[in-house]
Peer 1: 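Can you keep this structure in mind? I'll have questions shortly.
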Amino acid sequence: MADIIRIENLTFEYPSTEEAGSKKALENINLNIEQGTFTAIIGKNGSGKSTLAKNLNGLLLPSGGRILVKEWDTADDEHIWDIRQTAGMVFQNPDNQLISSIVEDDVAFGPENLGIEPSEIRRRVDSALEAVNMSKFSKKAPHLLSGGQKQRIAIAGVVAMRPECIIFDEPTAMLDPKGREEIMTIIKQLNKEGITAVLITHFMDEAVLADRVVIINEGSILLDGTPEYVFAQEDILKSANMDLPLAVEMSNRLRRRGIDIPKGIVTVEEMVEFICQYK
Ligand code: ADP
C-alpha cells in the first residue's frame, strides 16, 4: 500500500519567548503512514504530540524538513484544502468542535462548506451518523449529549467530508471511561472500513489497539513498531519515564513471580484469552 503521509526530517520550533527562550518542539522526525493503517502516536505531556498533529494537516508548518500528504507538501498554500480534506482532524474538546444547535446540522456543516449538493449532503450526514452509532440523535441538541456522544458527533462531521485519513488528537482526553471506550470502538470501526487512522494519545491502553505504535519523547521518535515490539522494550520505556500498558505490566510481574506468560500479550483482551485457556 502507498503512504498517505510522509514526514521527512521534520523539525518544528515555536517562535521564541523571553521566559521559555527557543527550544525545538520536534526534531528530525521521519515517519511514513501507510494507507489503511492504524497508528498510535504516544508520548508524555509536552513531548510534542500535538505539535506533530497540527503539522500533519498544515495547521502548523515545519521549521525544517517537509510533510507530504499524498503528493502535496503541507507548506504549499495552493493545496491546503486538498490536504485538509484528505487528512481530517478530530480534537480533544468536543465542545469546541460543535457549532450548530441540531446534531445533523452540525454534521452537515463541513460538506456544506465544500459546496456539495444538498441530496449528497443528506446521504453523507445519514451515513456519517450511522458510522458513529448516533443516527437516533440526529434531531437532538448537541449540548444535551454526553461528552462521548458529542465527540462522536464531531467525528461524524469529519467523516461526512469523506477524508481518507483522520488524525485524532487526544480525542478521549476529556471523556470518562465509557466515553473513551465508545470513541476507541468508533476509531477501530472506521479504520476497518478503510479510513487511515492516526491516534495521538497518552493512554497506553489505547495505543495497544493500533497496528503500529510510535513513541515520541522530547520531540524525537524513541520507538516505532508493532505494539508487541514497542511494549517489550521495558528498559527504554522506563528510562523515558513511560508507563506500560496494563496487560504488559501484569505479564511482566507475573513472569517475575515464575508464571510462564508468553511474550506479546499487550491488550487486556489477550490476557483474558490466555488465562481462560486454563478454565
Ligand atoms: P504534547 O501534545 O505532547 O503535550 P506539545 O506539542 O503541546 O506536546 O508541546 C511540545 C513542546 O512545545 C512543549 O515544550 C511545549 O511547551 C511547547 N509548546 C507547545 N505549544 C506552544 C506554543 N504555542 N508556543 C510555544 N511553545 C509551545
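Both ligands and their constituent atoms are indexed starting at 1 by order of listing.
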Peer 1: May I ask you to check whether Lys49 has an N/O atom sitting below 3.5 Å from an N/O atom of ligand 1?
Peer 2: yes
Peer 1: Which is closest to atom 7 (O) of ligand 1 by heavy-atom distance: Ala25, Gly219, Ala173, Ser50?
Peer 2: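 Looking at heavy atoms only, Ser50 sits closest to atom 7 (O) of ligand 1.
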Peer 1: Would you please say whether a donor-acceptor pair under 3.5 Å links the side chains of Glu273 and Gln277?
Peer 2: no
Peer 1: If you define the side chain from C-beta out and look only at heavy atoms, does anything of Thr39 sit under 4.5 Å from Glu34?
Peer 2: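 A side-chain contact is absent here, since even the closest heavy-atom pair is not under 4.5 Å.
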Peer 1: Less than 4.5 Å apart, any side-chain heavy atom of Val69 and any of Cys165?
Peer 2: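 Val69 vs Cys165: side chains apart.
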Peer 1: Evaluating non-hydrogen atoms only, which member of Glu13, Glu218, Lys44, Lys23 is closest to atom 14 (O) of ligand 1?
Peer 2: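 Considering heavy atoms of Glu13, Glu218, Lys44, Lys23, the nearest to atom 14 (O) of ligand 1 sits in Lys23.
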Peer 1: Is the closest heavy-atom distance from Gly43 to ligand 1 below 4.0 Å?
Peer 2: no
Peer 1: Would you indicate whether the side-chain heavy atoms of Val268 and Pro245 approach each other to under 4.5 Å?
Peer 2: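 No, side chains not in contact.
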Peer 1: Which atoms of ligand 1 are found less than 4.0 Å from any heavy atom of Ser47?
Peer 2: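 Per the distance check, 1 (P), 3 (O), 8 (O).
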Peer 1: Is the closest N or O pair between Pro15 and ligand 1 shorter than 3.5 Å?
Peer 2: no
Peer 1: Atom CD1 of Ile29 and atom CD1 of Ile216: how far apart are they, to the nearest 0.5 Å?
Peer 2: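 Taking CD1 in Ile29 and CD1 in Ile216, the distance rounds to 4.0 Å.
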Peer 1: At a 4.0 Å threshold, what atoms of ligand 1 neighbour a non-hydrogen atom of Thr51?
Peer 2: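 Within the 4.0 Å cut-off of Thr51, ligand 1 contributes 5 (P), 6 (O), 9 (O), 10 (C).
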Peer 1: Counting only heavy atoms on the protein side, is anything nearer than 4.0 Å to atom 18 (N) of ligand 1?
Peer 2: yes
Peer 1: Under a 3.5 Å distance rule, please check whether Asn191 uses its side chain to pair with a backbone N or O of Gly36 as donor and acceptor.
Peer 2: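 It does hold such a pair.
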Peer 1: Give the residue, atom name and distance (to 0.1 Å) of the protein heavy atom nearest atom 4 (O) of ligand 1.
Peer 2: Gly46 N, 2.7 Å
Peer 1: Can you confirm whether something in the protein, heavy atoms only, sits under 4.0 Å from atom 22 (C) of ligand 1?
Peer 2: yes
